[in-house]
Amino acid sequence: MNGHYFFFGILMIFLISMPIFLIWNWNKERKAPLKDLFKKYWKKNKAYFYIILSIIISEFFIPLNTNHGLEFNSEREKLGIPKLTTDWKKNETQSGKYTTYWWKSKPTSGHFKKVIEYGILNAKSETDYYKNEKRKGTFAWSKYNYGNNTFEYFIEKPNDKSTSITKTGKLKSEKPTIIETIEKLEFEKYITK
């Protein structure tokens, strides 16, 4: 929000400086009509004005459509994306300009988080996260891409192999988890078991 005040302040300085410039030059050149002075000012500063205006538009009005909350459920149903219910809450601290985080209020097992990413005009993707209490440390998620109307499925599971040996014979620590792309059937098995 502080960025909004900064850009608003810059715009105000620009708008306040314009009449000061006009009055100053009009006093210097009494013969010049005010219209010519305005054209002179505009010619000198239009690039700055366009830059400031584009920054303000991008700060306040982009992305154009961020209306993908509970009211978007009918569209989700048509697309096969999991819906939000009234027990889901939008997390304002995690959410930003281009990303919205939704959390289930009391997650135990199953669908617990939804992340919606926005582009300039509309939503780009919607990712739904699942956990299964029977498989501790394992998470699965589906990602719907609005651009090409496709789903991708992933699973994150603990890495049983904590160290390995490199080609040169040195020990290498492995990451504690492995993320794999999986098929829809495997994903559905995970969320239904």
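For the numbers below, each heavy atom of this structure counts, side chains included, while hydrogens, waters and symmetry mates do not. All residue numbers in this chain count up from 1 along the given sequence. Just so you know, these numbers come straight off a predicted model, no measurement behind them.
- In this structure K78 satisfies the side-chain hydrogen bond (donor to acceptor under 3.5 Å, both in side chains) test together with E75, sequence neighbours excluded.
- Residues satisfying the side-chain hydrogen bond (donor to acceptor under 3.5 Å, both in side chains) test with T93, not counting sequence neighbours, are N91.
- Qualifying side-chain hydrogen bond (donor to acceptor under 3.5 Å, both in side chains) partners for Y153, counting only residues two or more places apart in sequence or in other chains: none.
- Hydrophobic clustering of Ile, Leu, Val, Met, Phe, Trp and Tyr side chains at less than 4.5 Å, counting indirect connections, unites F154 with Y101.
- Under the 4.5 Å side-chain criterion, counting only non-hydrogen atoms from C-beta, I116 is not in contact with T99.
- One hydrophobic cluster, built from ILVMFWY side chains closer than 4.5 Å, holds both W141 and V115.
- Residues L84 and F72 have side chains not in contact (no heavy-atom distance under 4.5 Å, counting atoms from C-beta outward).
- For the pair K131 and F139, the cation-pi criterion (under 6.0 Å, within 45° of the ring axis) is not fulfilled.
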Legend entry - Residues T127, K113; criterion side chain to side chain contact (heavy atoms under 4.5 Å, CB included); working and verdict: CA-CA 8 Å; T127 308; K113 179 171 86 168; over 6 Å; no
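- In terms of heavy-atom proximity, G137 sits nearest to P158 at O-CD, 3.5 Å.
- Judged by distance alone, the side chains of Y144 and D128 never bring a donor and an acceptor atom under 3.5 Å apart.
- Two residues are said to be in side-chain contact when any heavy atoms from C-beta on lie closer than 4.5 Å; E126 and E117 fail this criterion.
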Inset, instruction - Please step through side chain to side chain contact (heavy atoms under 4.5 Å, CB included) for the pair Y118 and T100, ending with a clear verdict. - result: CA-CA 8 Å; Y118 295 98; T100 304; 3.3 Å; yes
Give every donor-acceptor pair under 3.5 Å between a side-chain atom in residues 181-191 and any protein atom, sequence neighbours left out.
{"from": "Y190", "atom 1": "OH", "to": "N132", "atom 2": "N", "distance (Å)": "3.0"}
{"from": "Y190", "atom 1": "OH", "to": "T138", "atom 2": "O", "distance (Å)": "2.6"}

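- Under the rule for a side-chain hydrogen bond (donor to acceptor under 3.5 Å, both in side chains), the partners of T150 that lie at least two apart in sequence or sit in another chain are N148.
- For the pair N145 and F151, the minimum side-chain heavy-atom distance is 4.5 Å or more.
- Hydrophobic clustering, with ILVMFWY side chains joined whenever heavy atoms are under 4.5 angstrom apart, keeps Y98 apart from Y146.
- Under the 4.5 Å side-chain contact rule for hydrophobic residues, I81 and L70 do not share a cluster.
- For residues 138-158, every residue pair satisfying the salt bridge (Lys or Arg N to Asp or Glu O under 4.0 Å) rule, not counting sequence neighbours, is listed here: K157-E180.
- Looking at W102, Y130, W103 one by one, the single match for ring pair (Phe, Tyr, Trp, His ring centres under 6.0 Å) with H111 turns out to be Y130.
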